[in-house]
Structures are given as structure tokens and as C-alpha cells.
Amino acid sequence: MDWQGQKLAEMLMQLLLVASAVAAFVVGYAMADFQLMLLVYAGGVVLTALVTVPNWPFFNRHPLKWLDAAEADRHPRPQVSAAPSTVGKKKAGKNK
């Protein structure tokens, strides 16, 4: 699953869970049945899991392009210069 696929999966998860919660509340309120409300919401959670958990092909529309090993050897990583550390140093000041 690529980055845009993860974003889409999370958006779908949130949308489906809120929609199933609203639908469950409306059905439970209309029928005055708490157990039916819980069953409708549980069905929404199962549907959400079936849509968002498997790695469906529409979650892989933007694959990452990795650098080949031979190409990586030709372009070494930039060296990070060590910044001066201020850990353990005290401010100079007058002690009275």
C-alpha cells in the first residue's frame, strides 16, 4: 500500500465508521431497539474492515520508485557535519 493509498484507506475508514454510526443511531431510534442498533453498527464495522484492511489494488495506484542499488553506489549519501554541542556547558554569568 502506498502513501496515497494509506491516506485513502484512513479517509474511507473514518467515513464508513461515521456513516454506520449515524445509520445505526437512526435505525435504533426509529425502531426503539438498542440491540438492533448495535447489530447495524457491528455490520458497519465489519464492512469497514473488509474495505480498508486488505491491500486492494486501488490502494496501490501511486507506487514508490526506489533507487537501484547500482545507482545508489554512484550517488553516495551526503555527509552530515557535526554541529557544536551545547550539552553540559553553562552560561557565563556573575554569581553573587
Side-chain angles (χ1 to χ4, degrees):
M1 186 179 295
D2 57 35
W3 295 108
Q4 283 89 6
Q6 288 180 7
K7 184 178 180 181
L8 177 63
E10 183 177 355
M11 186 184 67
L12 282 173
M13 179 203 58
Q14 291 176 359
L15 180 72
L16 289 172
L17 286 177
V18 168
S20 64
V22 169
F25 177 77
V26 169
V27 169
Y29 188 78
M31 300 293 186
D33 190 359
F34 187 75
Q35 184 178 6
L36 180 62
M37 180 191 74
L38 288 178
L39 287 173
V40 170
Y41 185 68
V45 169
V46 169
L47 175 70
T48 300
L50 289 174
V51 170
T52 59
V53 171
N55 192 12
W56 298 107
F58 62 88
F59 290 136
N60 294 314
R61 290 186 183 161
H62 308 283
L64 296 174
K65 298 197 186 251
W66 293 92
L67 193 62
D68 292 330
E71 188 72 21
D73 290 338
R74 283 190 267 163
H75 303 286
R77 294 177 60 184
Q79 297 296 322
V80 178
S81 62
S85 178
T86 59
V87 177
K89 294 183 180 177
K90 293 184 179 181
K91 286 186 176 181
K94 293 183 179 178
N95 291 333
K96 292 184 181 182

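Just so we're clear, the structure is a prediction, and the values are computed from it rather than from any experiment. Only this structure's heavy atoms are used, side chains among them; waters, hydrogens and symmetry mates stay out.
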Would [X] and [Y] show up in the same hydrophobic cluster when neighbours are defined by side-chain heavy atoms closer than 4.5 Å?
X   : Y   : result
L50 : F58 : no
Y41 : L36 : no
V40 : V22 : no
W56 : M13 : no
L8  : V51 : yes

Rounded to the nearest 0.5 Å, how far apart are CG of L12 and NZ of K7?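 With rounding to 0.5 Å, CG (L12) is 12.5 Å from NZ (K7).
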Rounded to the nearest 0.5 Å, how far does CG of L15 lie from OG1 of T52?
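The CG atom of L15 is 11.5 Å from OG1 of T52, to the nearest 0.5 Å.
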**Prompt:** Which heavy atom of A49 sits nearest a heavy atom of P54, and at what distance?
**Reply:**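 Nearest heavy atoms, A49 then P54: O-CD, 3.5 Å.
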Worksheet item: Do side-chain atoms of N60 reach the backbone of M1 as a donor and acceptor pair under 3.5 angstrom?
Response: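 At least one qualifying donor-acceptor pair exists.
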